[in-house]
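Data block below; observations after.
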Amino acid sequence: MNEAGHGEDPRDGGIGGADGPPGEGLAEEWRRLDRRLLLATAAVLCGVAGGAGLPTTLGLAGSRPLWQALSWVLAGAFLLVLGGTLVDYVRLRRTRYRIGPERVELHTGLLLIKRRSLARERIRSVDLTANPLQRVLGLVKVRIGTGESTGGSESTLELDLVTRAEGERLRHELLARTTTGPEDLPHEGALATVDPRWIRYAPVSFVAPALGGAAAGAVMQVSEWFGAQAEVIDWIGDRFRDVSVTWMIVDLVLLATVAGAVGALGLWVEMWWNHRLEREPGGTLRVRRGLLTARSVSIEERRLRGIEVVEPLGVRLAGAARVDAVATGLAKDDGDKHSDLKTLLPAAPREIADRVAAQVLREPEPPTGAPLAAHPRAARTRRLRWAVWSVAAPVALLAGLGLLLTPVLLYVAAGCAVVLTPIAVLLALDAYRGLGHGVSGAYLVTRSGTVRRATVALQRSGVIGWTVKQSYFQRRAGLLTLTATTAAGEGAYAVHDAGETQGLTFAAEAVPDLLAPFLEPVPTPEARSTKG
């Protein structure tokens, strides 16, 4: 990647023109962004001006004639739209790109020219995104990435905006690979398509209560902006005048939950409508989805290091799971805040999730469904202790405050102890049952969690190191935590609270010669008796 700023480049190149010294890149063409991006900019600014113009007009009309307030607002809106469109016109004129045989180049800027380039052999993804307005205009944003987790924009180029046909051309051209490896085997085409019945898993996800809380907070925030928060609180109090405080809280929580469930349904439709997971020739996985904002995400299979089957508590109780890719270069950066780039399949029945995982990995049987070794009972004892302490600490705090302030808190503490203790114990037992690890063919498998249970199948060849941790209490219980380090996904995947011998033996067998040189052989009873 190169950047420079030496004033304006006199070689404009235009569409169809060549750039560079004689004999270099004569067949390469400089291309520009599509002119229709000016329409998209003008339309967005008109919407912004309209949304802000109405309350501004009403506010100004209180101290001056309506026609004067309206004229001022219209003049301001005109300047906003015109100025924003002119800025994008300059960007359109001063932005150009070309696809060379070895590099992808992008030049942009007016006074300070930025020249950036990516080597084509490093390009790992070409993702297309289009919001509803861009889809109407036939435009897409193209994001070209190298698959490096740099935490910034150094490893990506963005073309905002080009035609959909140009975006597809760039995607096919830049991801074209001539391979004779496993990518040429069968299993090409569609691997999974969305089933509308899967929408039933949206309300049981953690998104629903989060959206419900956000909706309640938004109502209070907006009412505060307009100075009507007290009126909203009084209105709610009038509705529940004849209801006890406890039932009022329960009713409000239920209302927020219903609002969150409705919001989760709408969000699911927007995100996963028309979802399609397919394998393209050359070894590229492509995920296409979206109702209003269409997204297309490409993942090269040679970047794939495994699969993660994720089961949030509510989704797991419904017998479903989602499938995430464990691949290099999928970390978020400042230019892309979508945390779901790694998701290959939304929440679906568990058997379908396992089948898709096997197809993605080109395995006859899903490694995520393989039987796993159980962990020692000491791991269960540790979780039960955590559960008891997690309840005892806040209960003790409430009881102490009750002795100092008011006896009401003593009753609250007793209620929390009665309600929360069984829940914590059940979650602890479920967390222990969820622990497991094993080896399935070319993959090591680890499972853990209860609120968010995750089963990871990681390529054994993708493990670059092991970290062995033992706290003071783990040493007393004969347990340890093994962490497999890899260059993909989260970077590390742990086997929690395995037995000492069990965990070290597993690590040595899963990735031979990586941990074995650091282990001491345990003498057999016969050898010890002979030595004695």
Legend entry - From Arg171 atom CZ to Ile123 atom CD1, the distance as rounded to the nearest 0.5 Å: 13.5 Å
Inset, instruction - For atom CH2 of Trp386, decide whether the heavy atoms of other residues, nucleotides or ligands shown that lie under 6.0 angstrom number more than 12. - result: yes
Legend entry - Where Leu482 and Gly503 come nearest, the two heavy atoms and their spacing: CD1-O, 2.8 Å
Inset, instruction - Take Arg385 and Val388, measure what side-chain contact (heavy atoms from CB on, under 4.5 Å) needs, and give me the verdict at the end. - result: CA-CA 5 Å; Arg385 287 175 179 170; Val388 171; 5.9 Å; no
Inset, instruction - If a pair satisfies side-chain hydrogen bond (donor to acceptor under 3.5 Å, both in side chains) and one of its residues is in residues 314-324, list it, with sequence neighbours excluded. - result: Arg316-Asp430, Arg322-Asp324, Asp324-Thr343
Legend entry - Contact check, side chains of Val204 and Leu317, non-hydrogen atoms, under 4.5 Å: no
Legend entry - Polar contact flag, side-chain donor to acceptor under 3.5 angstrom, Thr328-Arg305: no
Legend entry - Side chain Arg302, main chain Gly283, donor-acceptor under 3.5 Å: no
Legend entry - N/O donor-acceptor pair under 3.5 Å between Arg460 side chain and Ala510 backbone: yes
Inset, instruction - Output yes when a side-chain donor or acceptor of Glu270 lies under 3.5 Å from a complementary backbone atom of Leu267, and no otherwise. - result: no
Inset, instruction - Using the side-chain contact (heavy atoms from CB on, under 4.5 Å) rule, take Asp127 and Ser298 through it: C-alpha gap first, then chi angles, then the decisive distance, then the call. - result: CA-CA 6 Å; Asp127 302 331; Ser298 301; 4.2 Å; yes
Inset, instruction - To the nearest 0.5 angstrom, please state how far the OG1 atom of Thr193 sits from the NE2 atom of His275. - result: 8.5 Å
Inset, instruction - With the side chain counted from C-beta on, respond yes when Trp198 and Trp268 share a heavy-atom pair under 4.5 Å apart, and no when they do not. - result: yes
Legend entry - Qualifying side-chain hydrogen bond (donor to acceptor under 3.5 Å, both in side chains) pairs with a residue from residues 434-448, counting only residues at least two apart or across chains: His375-His437
Inset, instruction - Could you grab the distance from atom CG of Leu254 to atom CH2 of Trp247, nearest 0.5 Å is fine? - result: 8.5 Å
Inset, instruction - Please list all pairs passing the ring pair (Phe, Tyr, Trp, His ring centres under 6.0 Å) test where one or both residues lie in residues 483-505, with sequence neighbours left out. - result: none
Inset, instruction - Report the distance from atom CG of Leu175 to atom CZ of Arg286, rounding to the nearest 0.5 Å. - result: 9.5 Å
Inset, instruction - Check for a donor-acceptor pair, side chain of Arg382 on one end and backbone N or O of Ala379 on the other, with a separation under 3.5 Å. - result: no
Inset, instruction - Please report the closest heavy-atom contact between Ala353 and Ala321, naming both atoms and the distance. - result: CB-O, 3.9 Å
Inset, instruction - Check the surroundings of atom CZ in Arg475: do more than 12 heavy atoms from other residues, nucleotides or ligands lie under 6.0 Å from it? - result: yes
Legend entry - Salt bridge Glu280-Arg288, side-chain N to carboxylate O under 4.0 Å: no
Legend entry - Contact check, side chains of Arg350 and Val309, non-hydrogen atoms, under 4.5 Å: yes
Legend entry - Under 3.5 Å: donor-acceptor pair, side chain of Arg355, backbone of Glu351: no
Legend entry - Beyond-backbone contact of Leu265 with Pro203, side-chain heavy atoms, under 4.5 angstrom: yes
Inset, instruction - Nearest 0.5 Å please: distance from the OG1 atom of Thr450 over to the CG atom of Leu435. - result: 10.0 Å
Inset, instruction - Provide the closest heavy-atom pair for Gly438 versus Phe506 in the form atom of the first, atom of the second, distance. - result: O-CE1, 3.4 Å
Legend entry - For the student: nearest non-hydrogen atoms of Tyr432 and Pro376, plus distance: CE1-O, 3.2 Å
Inset, instruction - Nearest 0.5 Å please: distance from the CG atom of Leu409 over to the CG atom of Leu404. - result: 10.0 Å
Inset, instruction - Evaluate the side-chain contact (heavy atoms from CB on, under 4.5 Å) criterion for residues Leu191 and Leu344: first the C-alpha distance (whole Å), next the side-chain angles of each, then the deciding distance (0.1 Å), finally the verdict. - result: CA-CA 10 Å; Leu191 302 182; Leu344 302 178; over 6 Å; no
Legend entry - Side chain proximity check, Arg380 to Arg383, heavy atoms < 4.5 angstrom: no
Inset, instruction - Answer yes or no: is there a side-chain heavy-atom contact under 4.5 Å between Met271 and Pro346? - result: no
Legend entry - Nearest atoms (heavy-atom pairs only) where Thr481 meets Ala494: CG2-CB, 4.2 Å
Inset, instruction - Compare every heavy atom of Gly462 with every heavy atom of Thr486, then report the nearest pair and how far apart it is. - result: OG1-O, 2.9 Å
Legend entry - Derivation of the side-chain contact (heavy atoms from CB on, under 4.5 Å) call for Leu429 and Leu384: CA-CA 7 Å; Leu429 294 175; Leu384 288 173; 3.9 Å; yes
Inset, instruction - Check whether any side-chain heavy atom of Leu403 sits under 4.5 Å from a side-chain heavy atom of Leu410, and report yes or no. - result: yes
Legend entry - Donor-acceptor contact below 3.5 Å, side chain Gln502 vs main chain Ala374: yes
Legend entry - Min side-chain heavy-atom separation Leu277-Val360 under 4.5 Å: yes
